[in-house]
Amino acid sequence: MRHTILCAFFLAATMMTPAVADPRSPSHNAPFGLRMTERTHIAQSSTQSQHSGLDQQRGNEEPRLRGREREQGRPRSNRSEIRVPQDIGRFPTNQVTNRPFVSPEQGSEGYSKTVGALQRVLIELQQLQLQTKQAHWNVSGTLFQPLHVMLQDHYEGLSKYADEVAERLLAIGSSADGRANTIVRTSGVPEIPGGFLDDAQVIVWFTNAYKKVGDEIRAGIIDTNEPDPTTANLLQEVELGVDKYQWQMRAHVQRTSTDPNTGWDLNDNKAVDLPSRTPPAQPEAD
């Protein structure tokens, strides 16, 4: 009888023990059913904590999302707009530095002649550079391949000469003006026509354009020969290259003793539109 009472007391004490245990850490000594119940409570508690964290995160994100929606509905400012804080100046604009530099001779008159000559040559070289690339892309006809290659060579050479002329301006204390508006407003070389370009059309256009620019360079050489021989020497180098380019174009329609080369075979059975000129007097034979 006493044994039965002790067993009953021990069982009751065992049943009461989980009630004081921490529900977050199930006791390994508890009955299986109680351990499962405690694990269920812990899982529910963890799930509720996760849901609470997600709700808090969503609560933090909602103002940002609403802010983005308001920004999308609002017209955005154009941040790429370029603001020029000063007057763009005349075309061309050649500003002279107030720091020491090596100046041409003959005072302000010689300096103006030199800067003017270099600036004019720079603009014409840039104009030619643009037109050679345009023709390089669009030339068509029987002579496409040789003209396509030649124009690329001319483009690279003109780019080099333009860079040297611009740097000479900087070397004598003046800024160089190669802006697009300056080219458009001050160049004496017209733009080549748009669209596809016939090979004969390209030959005629560049034969005339290179001659015009060559004459401009020659005038610059004369203007700078006395006040700035260094600039004159540079322009002579540029003239040498441009005259070579003019010859390479002209040679396509140059008359020979066996062929007048009028361009009939290139220009839809019509002669190319190039004026003839009387050649210089030939030296008499001894």
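In summary, Arg168 and Asp228 engage in a salt bridge, as defined by a charged side-chain N under 4.0 Å from a carboxylate O. The pair Glu237-Lys160 meets the salt-bridge criterion, with a side-chain N (NZ, NE, NH1 or NH2) lying under 4.0 Å from an Asp/Glu carboxylate O. A salt bridge does not link Lys244 with Asp153: every distance from a Lys NZ or Arg NE/NH1/NH2 to an Asp or Glu carboxylate oxygen is 4.0 Å or more.
Here the closest non-hydrogen pair linking Ile221 and Glu239 is CD1-OE1, 3.3 Å. Annotation for Pro104 and Tyr111: closest pair CD-CD1, 3.4 Å, computed over non-hydrogen atoms. What you find for Gly195 and Asn138 is that their closest heavy atoms are O-CB, 3.4 Å. Residues Gly214 and Val242 approach most closely at N-CG1, 4.1 Å, considering heavy atoms. The shortest non-hydrogen separation linking Thr224 to Gly220 is OG1-O, 2.8 Å.
To the nearest 0.5 Å, the span separating CG on Leu151 from CG on Leu197 amounts to 9.5 Å. Remark: Arg120 CZ to Leu235 CG distance equals 10.0 Å, nearest 0.5 Å. Asp163 contributes atom CG, which lies 12.5 Å from atom CG of Leu158 (distance to the nearest 0.5 angstrom). Annotation: the span from Lys113 atom NZ to Asn225 atom CG amounts to 11.0 Å, rounded to 0.5 Å. Here the CD atom belonging to Glu216 is positioned 5.5 Å from the CD atom belonging to Glu124, to the nearest 0.5 angstrom. With values rounded to the nearest 0.5 angstrom, Tyr161 atom OH is found 9.5 Å from Leu125 atom CG.
Hydrophobic clustering (side-chain heavy atoms under 4.5 Å, transitive across Ile, Leu, Val, Met, Phe, Trp, Tyr) groups Val139 together with Met150. A continuous path of ILVMFWY side-chain contacts below 4.5 Å connects Leu143 to Tyr210, so both sit in one hydrophobic cluster. If you chain together hydrophobic residues whose side chains sit under 4.5 Å apart, Tyr155 and Val202 never meet in one group. If you chain together hydrophobic residues whose side chains sit under 4.5 Å apart, Val253 and Ile192 fall into the same group. Both Phe144 and Trp205 are members of a single hydrophobic cluster when ILVMFWY side chains are connected at heavy-atom separations under 4.5 Å.
The backbone N or O of Leu128 sits less than 3.5 Å from a side-chain atom of Thr132, completing a donor-acceptor pair. Of the possible donor and acceptor atoms, one in the side chain of Gln127 sits under 3.5 Å from a partner among the backbone N and O of Val189. A distance-only check finds a donor-acceptor pair linking the side chain of His148 to the backbone of His136 [under 3.5 Å]. Not one N or O on the side chain of Gln95 forms a donor-acceptor pair closer than 3.5 Å with the backbone of Ser175. Under the 3.5 Å distance criterion, the side-chain polar atoms of Asp199 are matched with a main-chain donor or acceptor of Thr142. Side-chain atoms of Ser112 never come within 3.5 Å of backbone atoms of Glu109 as a donor-acceptor pair (strictly under, hydrogens ignored). A side-chain donor-acceptor contact under 3.5 Å links Gln201 to the backbone of Asp198.
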- Report the C-alpha separation of Met249 and Leu147 in whole Å, then their side-chain angles, then the decisive distance to 0.1 Å, and conclude whether the side-chain contact (heavy atoms from CB on, under 4.5 Å) test is met. CA-CA 9 Å; Met249 284 294 174; Leu147 287 175; 4.1 Å; yes
- Task: With side-chain contact (heavy atoms from CB on, under 4.5 Å) as the test, would you mind laying out the steps for Gln126 and Leu122 before giving the verdict?
- Result: CA-CA 6 Å; Gln126 288 185 296; Leu122 172 62; 3.9 Å; yes
- Message: The test is side-chain contact (heavy atoms from CB on, under 4.5 Å); show your working for Glu191 and Gln134 and say whether it passes.
- Response: CA-CA 10 Å; Glu191 283 195 348; Gln134 178 73 9; over 6 Å; no
- Do Val149 and Gln145 pass the side-chain contact (heavy atoms from CB on, under 4.5 Å) test, and can you show the C-alpha distance, the side-chain angles, and the key distance before you say yes or no? CA-CA 6 Å; Val149 174; Gln145 181 62 26; 3.4 Å; yes
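With contacts defined as side-chain heavy-atom distances shorter than 4.5 Å, the pair Leu118/Ile172 qualifies. Looking at heavy atoms from C-beta onward, Leu170 lies out of side-chain contact with Thr97 at the 4.5 angstrom threshold. You'll find the side chain of Ile203 reaches within 4.5 Å of the side chain of Thr207, heavy atoms only.
Atom CD of Glu226 is surrounded by 12 or fewer heavy atoms from other residues, nucleotides or ligands within 6.0 Å. Residue-environment remark: NZ (Lys133) exceeds the threshold of 12 foreign heavy atoms within 6.0 Å. Atom CZ of Arg250 is surrounded by more than 12 heavy atoms from other residues, nucleotides or ligands within 6.0 Å.
For the side chain to side chain donor-acceptor pair (under 3.5 Å) with Gln119, the qualifying choice from Asn94, Asp177, Thr186 is Asn94, the only one to do so. Of the listed residues (Phe206, Tyr245, Trp247), just one forms a ring-ring contact (aromatic ring centres under 6.0 Å, His included) with His154, and that residue is Tyr245.
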